[in-house]
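Naming convention: chains lettered A, B, ... in sequence-line order (proteins, then strands); numbering from 1 in each chain. Side chains are part of it too, since the values below use all heavy atoms of this structure and drop only hydrogens, waters and symmetry mates.
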There are 2 protein chains.
Amino acid sequence: MSTQRPAPLVRPARPLRQGIPDATVARLPVYLRALTSLAEHGVETVSSEELAAAAGVGSAKLRKDLSHLGSYGTRGVGYEVDYLVYQISRELGLTQDWRVAIVGVGNLGHALANYGGFVSRGFTIAALLDADPAIVGETVGGLPVRPVAELEAVVEAEDIHIGVVATPASAAQEVCDRLVGAGVTSVLNFAPVVLVVPDPVMVRKVDLSTELQILAFHEQRRMATRLALDVSSPAVESAVSGSGAAEVAR
Amino acid sequence: MSTQRPAPLVRPARPLRQGIPDATVARLPVYLRALTSLAEHGVETVSSEELAAAAGVGSAKLRKDLSHLGSYGTRGVGYEVDYLVYQISRELGLTQDWRVAIVGVGNLGHALANYGGFVSRGFTIAALLDADPAIVGETVGGLPVRPVAELEAVVEAEDIHIGVVATPASAAQEVCDRLVGAGVTSVLNFAPVVLVVPDPVMVRKVDLSTELQILAFHEQRRMATRLALDVSSPAVESAVSGSGAAEVAR
DNA sequence: TCAACTTTGTGCACACGTTCACAAGTGCCT
DNA sequence: AGGCACTTGTGAACGTGTGCACAAAGTTGA
């Protein structure tokens with residue numbers, strides 16, 4: 001009861017996060033791709049309205065995002081495409097080359113290794129690793145598959161910055177632990193598990209199953225709505241089995 | 001200053017968005033997976049603390065998320081695993097089967113088609129389509145690859161709900177347009193382009209390149225910070241920019 | 001030079017999402 | 001029965017993200 005008042009925080013001591021908002025960072029690659037495409041078509045200058053349309057966002061949001069990088073536009077004109085490409089690339093750290101290791105060369109790892117051109121400039125696939133002796137030694141996408149036992153040595157020798165986990169779910173956490181142990185601080189996870197990592201390490205997840213489930217949710221809602229409308233016209237019949245019944249059941 | 005008070009909105013006429021917040025929907029698949037895993041290990045009951053840890057989120061967030069579905073927990077005890085699995089599955093629409101068509105059976109489409117088991121219950125890959133005559137006719141993952149010319153007929157005949165675009169970027173928009181034209185309202189896009197679709201259609205994107213770039217951004221910032229600290233050790237130099245140092249110091 | 005027009009960059013208000021803290025239940029033990 | 005330990009569900013504060021609307025700044029044309 002008489003717990004001490006938690007102090008209204010007169011001075012939040014907020015050091016003013018000087019960085020770029022996460023939501024903005026997540027959109028920069030989209031802008032970059034749209035800009036690259038424009039550049040290939042010979043476009044030299046683009047307005048926020050046009051670029052926003054190409055990127056599928058609102059123009060105000062685009063301008064605010066870009067304003068976090070600096071004032072790289074010209075009022076009354078727009079943005080110079082090449083210059084903006086450079087600035088975003090620099091901000092994302094694409095002016096240096098990041099060396100990537102793919103662990104797990106099954107169906108998915110195979111596809112990733114061969115995707116070469118799709119991984120745009122800035123990334124080099126430097127090593128492939130797998131636990132299956134039947135695959136080790138093969139050449140995939142121009143690289144030899146090495147045994148996962150050599151993981152630590154490979155990370156060291158090849159100066160790996162980013163690890164891609166494309167193993168079965170059962171092996172993912174162990175592989176991740178070893179990557180982190182070897183000094184990797186960025187991991188891209190394709191395995192359907194939640195990887196646990198120490199604090200400074202960053203993990204991002206790509207997951208087909210999750211995406212499909214989110215689509216299913218919205219698809220279901222759309223169907224339920226349509227059904228409800230259809231049903232509401234003719235007979236009574238409380239046939240609304242979907243979410244409608246759920247509400248009641250609760 | 002004499003600007004009229006913008007009216008405190010006594011009655012915001014807020015229709016009370018009856019749905020589940022998007023952020024919550026995006027996490028439900030994660031909870032579902034964690035729960036399934038627990039169930040397989042024979043766990044019957046789980047507290048919000050434990051489940052949150054398994055899903056990699058805070059326990060308060062988890063409880064708030066679950067509270068949007070209803071009151072399915074028991075105070076003092078926790079959640080019954082099986083029951084919660086069922087409730088989340090139902091909410092996500094996984095109690096019915098969604099029929100998926102994959103367009104583009106290159107490296108990636110190949111991998112997706114063979115992923116069979118990984119696409120958990122609720123989804124059936126019902127058709128494969130490709131434009132390359134060299135691939136059409138082959139059997140991949142137990143399904144024949146059909147010519148993309150038959151797309152509309154296949155969507156109709158196989159009752160496709162969800163389209164997966166795994167084509168090269170150049171073909172993606174056209175394929176997407178045709179899927180939508182054939183009545184598909186949910187699209188999962190693996191091609192590195194922003195797909196433009198009419199309003200009721202939902203598109204989600206899975207993009208390795210974007211994810212790598214986001215990782216690179218954070219990796220770069222980490223390196224820059226570390227470098228700044230290295231430099232700052234000899235001289236006094238108040239280079240330590242507040243929050244940056246805090247991150248590291250932690 | 002000046003006015004009309006275009007487009008950026010941003011202040012502001014609002015909506016959304018996250019976290020804290022605790023009242024309201026539930027089960028267990030005496 | 002009653003007290004104790006535990007856990008959910010949620011009100012409220014806080015922080016982040018979005019969109020409007022407009023001043024500032026630039027260009028074009030006369």
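For C/dT7, neither phosphate oxygen OP1 nor OP2 lies less than 4.0 angstrom from any side-chain nitrogen or oxygen of A/Ser47. Applying the 4.0 Å criterion to OP1 and OP2 of D/dT18, one finds that A/Arg63 has every side-chain N and O outside that range. Close to C/dT8, at under 4.0 Å from its OP1 or OP2, lies a side-chain N or O of A/Ser48.
Atom CG of A/Leu62 and atom P of D/dT18 are 12 Å apart (whole Å). To the nearest angstrom, P of D/dG9 lies 12 Å from NE2 of B/His68. Following rounding to the nearest Å, B/Asp65 (CG) and D/dG9 (C1') show an atom-to-atom distance of 13 Å. What separates CD of A/Glu50 from C1' of C/dT8 is a distance of 14 Å, to the nearest Å. The distance between atom NZ of A/Lys64 and atom C1' of D/dC20, rounded to the nearest whole Å, is 10 Å. In this entry the distance linking CD1 of A/Ile20 with C1' of D/dT16 reads 16 Å, nearest Å. Here C/dT8 presents its C1' atom at 18 Å from NZ of A/Lys61, a figure rounded to the nearest Å. A straight line from CG of A/Asp22 to C1' of C/dT18 spans 14 Å, rounded to a whole angstrom.
Side chain of B/Gln173 to main chain of B/Val196: a donor-acceptor pair is present (N/O by atom type, distance under 3.5 Å, no hydrogens or angles). Side-chain atoms of A/Arg222 come within 3.5 Å of backbone atoms of B/Pro200 as a donor-acceptor pair (strictly under, hydrogens ignored). With hydrogens and angles disregarded, a donor-acceptor distance shorter than 3.5 Å links the side chain of A/Asn189 to the backbone of A/Val193. Checked by atom type and distance alone, the side chain of B/Trp98 pairs as donor or acceptor with a backbone atom of B/Gly93 at under 3.5 Å. Side-chain atoms of A/Thr225 come within 3.5 Å of backbone N or O of A/Arg221 as a donor-acceptor pair.
For the ring-ring contact (aromatic ring centres under 6.0 Å, His included) with B/Tyr72, the qualifying choice from B/Tyr31, B/Tyr83, B/Tyr79 is B/Tyr83, the only one to do so.
The two residues B/Ala169 and B/Ala191 make their nearest non-hydrogen contact at CA-CB, 4.2 Å.
Near DNA chain C, meaning a heavy atom under 4.0 Å from it, residues 78-93 of chain A has A/Gly78, A/Tyr79 in order of number.
Distance check, rounded to the nearest 0.5 Å: OG1 of A/Thr210 to CG of B/Leu32 gives 9.0 Å.
Between B/Arg121 and B/Ser89, the side chains place no donor N or O within less than 3.5 Å of an acceptor N or O (distance only, hydrogens not considered).
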Reading nucleotides 1-6 of chain D from the 5' end, what letters show protein touch, with B for base, S for backbone sugar-phosphate only, - for no heavy atom under 4.0 Å? -----B
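As judged by a 4.0 angstrom heavy-atom cut-off over every strand, A/Gly73 is placed among residues touching the sugar-phosphate backbone only.
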